[in-house]
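Quick notes on the structure that follows.
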Amino acid sequence: NLSVLRKQLEAGLPSGSVLVADRLSVRLNPEAFTTDVAELERTKDKRLYTGELLPGLWDDWIIEERYRIEALVEGLKERPEPAQASAAATSALPMVPTEPAPLTPEQVRKLSLPHYLTRFIGRAAEQEQLCALLTENRLVTLIGLGGTGKTRLTVEALRARGGTFVALAECVSAAQIPGRIRAALGLPSVEANPLEQIFFAMEGRPTLLALDNMEQLVESGGAELVELMLSQLPELTLLVTTRRALNVPGERLIALEPLPKEDSVALFLDRVQSVRPGFSLTDGNRSDIQALCTGLEGIPLALELAASRLRAFSPAELRQELQTRFEWLARTGLKGAKDDRHRSLAAALEWSWRLLSPSQQQFLAT
């Protein structure tokens, strides 16, 4: 509540010096704080830049602001250390050009890729197959159940092969797709039709775009948009991740299956070690861990959720819990999930449920 916030933010300061509150709102006093971005813009000191803005988040405004800051930093010259500065330096010409240097296509591509703090385990054959299909087909659709790792495989394939990642999980209509593509490509946000802007920028240029999480957009025009883009841009290749096929001419489907047993155990152990450092596979826990991975059917999301519970459970206790009641795992939240649909198994199932038509939902409910 407000009193707790005041104790934390205004310790030793007059009330209202940091938080400004009335009956309708609570806000920060703009004179009481500053931000690293504001200081970077004010001082033009390149040393203040320590990394990309809000890594791991992909809202439109974040992506655009991230590109703007990157462009600003690219245009800044290195400042001398204070000890090296001389009186003559004070009369030097301004170090910041009038217009910041634009990002190169390679910089934009790298910025579009999500960053993961966990290791990528398994899927070597699938990654090789995916890259091979992308050299022979202009539309490759990676299809699979929620939580099987379609997004992660796509990101790793793009790191190896090159391409631009476009996150669509937060889109509710296909009309939002062009704006997301424009932002991922680093194109300026102007009043022009974003699709026409994309066509102009990509015309005649071999480009690979990954449209991630498109299942909720297929029936609102997503499939038609994919077909239009491929017809207008002969040099374009699309990699789409989805839980349902697009049914577009020329579509090449690749189904992502659950992890095999060996990779399931490796993934489980790796994620357990992030919550219990030093944990390892032993003769005493081997059978329980193998049974857990078998019971979770090689679904990476389920394995990660279960691994997060080993902070409080032993492998034997966790195995017993899964045998007696599965609901707690469905509700377990996964810290650091990229989006809400992957925070728990229940969220993943709810996402799939919303994709069904009313008649399909009624059929399954009866």
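As the structure is a computational prediction, the values presented were derived from the model and not from experiment.
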Nearest 0.5 angstrom please: [X] [atom1] to [Y] [atom2], how far?
X	Y	atom1	atom2	result
I299	L305	CD1	CG	11.5 Å
E156	R159	CD	CZ	5.5 Å
M214	L225	CE	CG	6.0 Å
T242	Q216	OG1	CD	8.0 Å
T141	K150	OG1	NZ	12.0 Å
S274	F279	OG	CZ	11.5 Å

Contact between [X] and [Y] at the side-chain level, heavy atoms closer than 4.5 Å - yes or no?
X	Y	result
L259	P300	yes
I181	L187	no
N213	T151	no
L208	L158	yes
Q176	V172	yes
E126	L256	yes
M202	E235	no
R252	L139	no

Please check if atom [atom1] in [X] has more than 12 non-hydrogen atoms from other residues, nucleotides or ligands closer than 6.0 Å.
X	atom1	result
R286	CZ	yes
R276	CZ	yes
E297	CD	no
E203	CD	no

Please check if [X] and [Y] belong to a single hydrophobic cluster, counting links between Ile, Leu, Val, Met, Phe, Trp and Tyr side chain heavy atoms closer than 4.5 Å.
X	Y	answer
V275	L303	no
L253	V240	no
V140	I143	no
V20	L28	no

Decide side chain to side chain contact (heavy atoms under 4.5 Å, CB included) for K261 and C293; before the verdict, give the C-alpha distance in whole Å, the side-chain angles of both, and the deciding distance to 0.1 Å. CA-CA 7 Å; K261 182 177 180 179; C293 294; 5.7 Å; no
Flag the pair E128 and R123 as a salt bridge only when some basic side-chain nitrogen lies within less than 4.0 angstrom of an acidic carboxylate oxygen.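 Looking at E128 and R123, the cut-off is not met.
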Salt bridge present between E304 and R271 (N-O < 4.0 angstrom):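 Answer for the salt bridge query: yes.
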Verdict with reasoning, L211 to T241, per side chain to side chain contact (heavy atoms under 4.5 Å, CB included): CA-CA 6 Å; L211 305 181; T241 72; over 6 Å; no
Taking all non-hydrogen atoms of both residues, which atom of [X] and which atom of [Y] are closest, and how far apart?
X	Y	result
T154	L239	CG2-CD2, 3.7 Å
A266	I121	O-CD1, 3.7 Å
S220	A174	OG-N, 3.0 Å
L145	T148	O-OG1, 2.8 Å
A245	V218	O-CG1, 4.3 Å
A167	R180	O-NH1, 3.4 Å

Any chance you could lay out the side chain to side chain contact (heavy atoms under 4.5 Å, CB included) test for L168 and D212, step after step, and finish with the verdict? CA-CA 6 Å; L168 302 177; D212 182 57; 5.9 Å; no
Hey, mind stepping through R138 and E251 against salt bridge (Lys or Arg N to Asp or Glu O under 4.0 Å) and telling me if it holds? CA-CA 8 Å; R138 295 186 57 216; E251 178 181 28; over 6 Å; no
Show your reasoning for whether side chain to side chain contact (heavy atoms under 4.5 Å, CB included) applies to I69 and E41. CA-CA 9 Å; I69 295 171; E41 294 177 324; 5.8 Å; no
Answer yes or no on whether R152 is positioned over the face of Y116, meaning its NZ or CZ is under 6.0 Å from the six-membered ring centre and within 45° of the axis.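 Geometry flag: set, cation within 6.0 Å and 45°.
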Please check: side-chain N/O of [X] versus main-chain N/O of [Y], any donor-acceptor pairing under 3.5 Å?
X	Y	answer
Q127	L153	no
N285	L281	no
E227	A223	no
N193	L195	yes
S264	E262	no

